[in-house]
Structures are given as C-alpha cells and as structure tokens.
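As structure tokens, the structure follows; a few thoughts come after it.
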Amino acid sequence: MKIKAKMKRDMAVIKVLAKHPMETGLRKDKKTDKIIPAKFIKELVCKHGDKVVFHADFGRSVSKNPYVSFSFAGAQKGETVSMTWTDNTDETVTVEAPIK
Amino acid sequence: MYNSVKKYLKVLVLATAAQGLFATAAYAQDPGHYGLGRIATEEEVAGWDIDVRPDGLGLPDGSGSVSVGEGLYEAQCASCHGLFGEGEGRWPVLAGGEGTLTDDRPQKTVGSYWPYASTLWDYTRRAMPFTAPQSLSVDETYAITAYVLYLNELVEEDFVLTKENFLTVKMPNAEGFFEDDRPDVKNTACMKDCKDPASIKVISTIAGVSPTEHLEEKGAEESEAAEPGNVHGKAIYKQSCAVCHDHGVAGAPKTGDNEIWADRLVPGMEAVVERAISGYTGEDGVMPPKGGNMSLSDEDVTAAVHYMVEQSQ
C-alpha cells in the first residue's frame, strides 16, 4: 500500500494505492478451469491519531489495486496518518505516512 | 532501446543530407560526396549522440536520489502518469503489473516489462516530460529514474542512483527478451539451384483482415453542412483537446462546467487563448502548448478555445 498525504490550504489531502488482487471469487482460471478463490478488501480505514477520518466498505465489484483519494480538516503538517485494509480472508495491512 | 537508436541514426543521416543542400562550397569538392553535404561538427554530433545503452555506455557523470526524484516526479510527471505511476486516465502506466505478462491482459510497465534501466534513463531524458522533452538536467534525470525504479519497488527509499552504481539495478524481466530462434527468421537469399517459383503457393494473405472503410472520407461535407456553428473548432477540439478537457483529466478544466469557465474567463478571452497557444503550468496542472499538438496553427487553437467556451456557457 502506498500513501501520499499533503496539506492543501487547511485540508489534508490523502491519496492511497492499495495493492490487492481484488479477486471476486467468480472468475475461472482458464488453464485449470477451477474457480479462483475470492480475495477482496472488505474495509479500508484511515486514522489521524486515534480518530477515524475515513472508512469505506468495499466489495467484490472494486477493481484490482484500488485507488482512493479524500481529504479532511483538522490536521497539521508533520503529523501522521495511518491506513489499514482488511480483506475477506482477514489478512490486514497497516501503513503510516507523514503529512507533508 | 535498439529501435530508437536505429531511428535516431536515420534522423542523423537525413539531417546531414538536408543541411547539405544549404552547405557552402567548402566541402563541395570532397571526393565521394557528389558535391553535397558537409561533415557534421563535433557539437552537432554531441547534440544527437545522447543514447544510453544497456551496458551503461553513454551515461554522463551525475547522480540523483529517490527523495529528490519524488519532488521532481510529482511536479513534472504525476499529472499524466499518476502519483504512484498508476497512470491518470489513459496516460501510460509506469509501475506495477509484475507477473502479468502471461495473463490475458498483461500490464506492461517499466517494472514488469522493460529489460534495462538504461532505457528508462534514456527515454526520460529524450522524450519526457511529454510537453517539454529534453528539458531535464542530467542529475534530474538520475533522480527521476531512481524514483520510477522506487515506484516499481526495485530500489529502496534511500537509494541514490549514480553513473557508477547504475548497472547494479536489475530489472525483473531482463531475461524475458531473447533473439528470435524460429528457423524462418534467418532466411538467406537463395542464389542458385532455387525452388521453381511456379511451385510456390500462397496459402494465406492478410487482405480483408484490416478494416479500411474508415479511411474513406465520405459524408464529411454533408455533416459540416448539417451542423451549424463552430465546426472547425469542434473538430480540432475532438482531435487534440478532448482527451483532457472532456472529463477533466490531469487537472484540465472540464468543458461544459459553466462555473469553472466563468472564473477562467475573467482575464478575458484573449488571455485565455494565449495560454492555450503557448501553454502554461497553473494551480491545477500543466496545459501543454497547443495541447501538445504542435501541428495546429494559432487559428486552429483559437477556434478550439471558442468551441470550448461556447459549450460552457
């Protein structure tokens, strides 16, 4: 997962690229003719300190390597944000980034 | 990038030939020159001779870090190629796609496909940013190259790319290219005891495979007559501006968004047209001169701007 966080006037603008296959569980592997097991992000959460500033419920319909961009007020340059995704297999990844 | 080297050589020859037409008599008597041309000066050759090869030949002295490259990339490349190299809109993707080359829909990027880092260095200096090729300094090119490698997870965050360590960068698909080993690509011309041409049968042709109907220009005049208004401006717009302005790609003000355009028009139509012709970098992104299509005349661009403004009122 890659994050860019940057102050633009009084808003922190966050851009995130979550590396994830986002398999629907409905696709067949052409070679083996077997269903490729579902693996998709269920939840994406961004925290500033311990405050949740962004929360998204994802499903099968979101494309591979989802890209998300949003902004929120009340942050300062130099603080950090953390971003966490959790997928349907309960794998989870958290990454932190400084606000520039 | 063997291909580009070949192309470049051709340009060199043509350029020399063209100059020859205007050359003074100084070299005109050189034997073997048919009275044409002159020898390119060292400076001219140096200007053309900027290719960098897989073994590092041609790399100038210099260096650049991932962290410096990050700032340069975000200012000069991200508006098209995306902050993470994911590609804005339909602009080329520069990062990711590892392991997809054998998929139904392979994603060919610098990291997943390109066999040599030297191509990235060479191409970036030669051709990018798209709207101002060859504007980057040597150190800037090292830094941006380092950053694009970093986006592809091929080097670490604190990496500094230099002429000396360049060859330590290994590209994942370096072994993916090989010389074509199919027997029929090494066809040698037959000079004696050859096959009787009458016995050779054509077993397939590609005729009829490529659709050609669209090449026939029919009905162009009709539609022009049927559609009143700024037809010329619309045509130019569709061809050269719509990629960005239809949907607001790369920060471009969206055609049809009345509010944005009312603001933009405050300095007056003339100023706005001038900026479209000369290009500029604003708060939202880079407007390339003439939208990047330098074959357009100033009148063409003016007509396109009028069309955009008409659509946004």
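Below, chains carry the letters A, B, ... as their sequence lines are ordered, and counting in each starts from 1. Note that the structure is predicted; figures quoted are calculated from it, not measured.
Using non-hydrogen atoms only and a strict 4.5 Å limit, no part of residues 35-45 of chain A faces chain B. Chain B is approached within less than 4.5 Å, heavy atom to heavy atom, by A:R9, A:K15, A:V16, A:L17, A:K19 from residues 7-20 of chain A, ordered by number. Along residues 71-93 of chain A, no residue comes nearer than 4.5 angstrom to chain B, judged on non-hydrogen atoms.
Using a 4.5 Å cut-off between heavy atoms, B:Q107 makes no contact with chain A at all.
Heavy atoms of other residues, nucleotides or ligands lying less than 6.0 angstrom from NZ of A:K4 number more than 12. Around atom OH of B:Y113, no more than 12 heavy atoms belonging to other residues, nucleotides or ligands sit under 6.0 Å away.
In this structure, the side chain of A:K2 engages the main chain of B:L151 through a donor-acceptor pair within 3.5 Å.
Side-chain contact between A:K30 and B:D104 is present, with at least one heavy-atom pair separated by less than 4.5 Å. Side-chain contact between A:K64 and B:T100: present, with at least one pair of heavy atoms (C-beta onward) separated by less than 4.5 Å.
The two residues B:F84 and A:I3 have their closest heavy-atom pair at CE2-N, 4.0 Å.
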Under 3.5 Å, sequence neighbours excluded: what are the donor-acceptor pairs made by side chains of residues 240-252 of chain B?
residue	atom	partner	partner atom	Å
B:S240	OG	B:N293	ND2	2.9
B:H245	ND1	B:P253	O	2.8
B:D246	OD1	B:Y237	OH	2.7

